[in-house]
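Labels below follow one simple rule: chain letters A, B, ... track the order of the sequence lines, proteins then strands, and each chain is numbered from 1. Treat the numbers as computed from the prediction; the structure is a model and nothing was measured.
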Number of protein chains: 2
Amino acid sequence: MKKKAVVNDTAVCQVRMQAISDTMSILSGKWKFHILGTLIEGNKLGFMDLLREVNGIGTKMLSKELQDLEMNRLVSRTVMNTKPITVEYSLTEYGETLSPVINELAKWGVEYRKSVYGDTQV
Amino acid sequence: MKKKAVVNDTAVCQVRMQAISDTMSILSGKWKFHILGTLIEGNKLGFMDLLREVNGIGTKMLSKELQDLEMNRLVSRTVMNTKPITVEYSLTEYGETLSPVINELAKWGVEYRKSVYGDTQV
DNA sequence: TTAGGCAGTTTCCTCTAGGAAACCACTTCC
DNA sequence: GGAAGTGGTTTCCTAGAGGAAACTGCCTAA
């Protein structure tokens, strides 16, 4: 009876689904959210800083993910002309538009922990 | 000089990073966001409905992802006693707490499309 | 001069996420 | 009696995501 109603929604969903696909393909992989989350907090960080902050990541993955993020104009890479050459990674202005997404994700994760381990435990 | 400042932040980040890890591990895989996004819009949907709405997914993956989501109390599965047996999948109350996350994700994806194809194109 | 820090690249290997297709059981429509 | 719809499970296969470790190259401090 109401099966047609679902089909009618399809056009509406299509835009949403496409949007979700887009976002997830850009933020694909195990580490993008972590890197972005760290850069939101850390502002400007070097390669080794990120390697230390992003728990468990290795040099190959960090390098590759940063390249991906740079290609999508979410992260900027600046080579500083310091004594030993250093590199500064930071969010671009555009990358900062992801803050709400990452923050919602983090917020939910915090609530999830509470619901699993109880509010007493922090 | 200021390198110590980064180290000081670590404790703060740790909670955040853990939260992001938790969320992403629960929503891991290619399809969870799509399924949840569809259920947010569609309210109550059957297996075949989801198979049609979630573009590109196959029966095996849909089945597996739904089981994952059910195990994490995000989705409920109700067998209806109808003539040909039907099943209703819907978000649990807890699953609905994910709406802000999914919605931010979708919102960002929409803006992303605009920035790529221009505002003229919808 | 050698050890250590920065910033990666390259190679090699493994594991598993995910797709295609076949199959199952049950019902109802024609 | 067979086609079609519901709701899956099982098997088989492979592309590629991701880890470990070694290597590069440059600079500095002890």
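- Checking the phosphate oxygens (OP1, OP2) of D/dG8, a side-chain nitrogen or oxygen of B/Arg77 falls inside 4.0 Å.
- Applying the salt bridge (charged side-chain N to carboxylate O under 4.0 Å, His left out) test to pairs two or more places apart or on separate chains, those with a residue in residues 91-106 of chain A are A/Glu104-A/Lys107.
- Side chain to side chain, A/Tyr89 and A/Arg77 meet the donor-acceptor criterion of an N or O pair below 3.5 Å.
- OP1 and OP2 of D/dG7 both lie 4.0 Å or more from every side-chain N or O belonging to B/Arg52.
- Contact check, B/Thr86 against D/dT6: no side-chain N or O comes under 4.0 Å of OP1 or OP2.
- Across the protein-nucleic acid pair, A/Leu51 atom CG and C/dC6 atom C1' stand 11 Å apart, rounded to whole Å.
- Ranked by how close their nearest DNA chain D nucleotide is to the 5' end, A/Ser28 and A/Ile85 are led by A/Ser28.
- Following rounding to the nearest Å, A/Met48 (CE) and D/dG25 (C1') show an atom-to-atom distance of 13 Å.
- As a whole-Å value, the separation of B/Glu88 CD from D/dG8 C1' is 17 Å.
- For residues 55-62 of chain A, proximity to DNA chain C is found at A/Thr59, A/Lys60, defined as any non-hydrogen atom under 4.0 angstrom from a strand atom.
- Looking at which nucleotide of DNA chain D each of A/Pro84 and A/Trp31 is closest to, the 5′-most match is held by A/Trp31.
- Here OG1 of B/Thr86 is found 13.5 Å from CZ of B/Phe47. Values are rounded to the nearest 0.5 Å.
- Taking a 4.0 Å limit (strictly below) on heavy-atom distances, residues 64-76 of chain A reaches DNA chain C at A/Gln67.
- One can place CG of B/Leu50 at 16 Å from C1' of D/dG5, the figure rounded to the nearest angstrom.
- Atom CE of A/Met61 is separated from atom CD1 of A/Ile35 by 10.0 Å, given to the nearest 0.5 angstrom.
- Following rounding to the nearest Å, B/Lys30 (NZ) and D/dA15 (P) show an atom-to-atom distance of 14 Å.
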For A/Thr92 and A/Ser76, run side chain to side chain donor-acceptor pair (under 3.5 Å): C-alpha distance rounded to whole Å, both residues' side-chain angles, the deciding distance at 0.1 Å, then the answer. CA-CA 6 Å; A/Thr92 61; A/Ser76 69; over 6 Å; no
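- Atom pair B/His34:NE2 and C/dG19:P shows a separation of 11 Å (rounding to whole Å applied).
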Audit row: A/Leu69, A/Lys32, side chain to side chain contact (heavy atoms under 4.5 Å, CB included) steps and yes/no: CA-CA 8 Å; A/Leu69 293 170; A/Lys32 300 239 170 64; 3.5 Å; yes
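- For the pair A/Ser63 (side chain) and A/Thr59 (backbone), a donor-acceptor distance under 3.5 Å is absent.
- Side chain of B/Thr38 to main chain of B/Val54: no donor-acceptor pair is present (N/O by atom type, distance under 3.5 Å, no hydrogens or angles).
- Checked against A/Arg113 for a side-chain contact (heavy atoms from CB on, under 4.5 Å), the options B/Asp22, B/Val15, B/Thr23 give a single hit: B/Asp22.
- Distance CG (A/Leu45) to P (C/dG5): 19 Å, rounded to an integer number of Å.
- For D/dT6, neither phosphate oxygen OP1 nor OP2 lies less than 4.0 angstrom from any side-chain nitrogen or oxygen of B/Tyr89.
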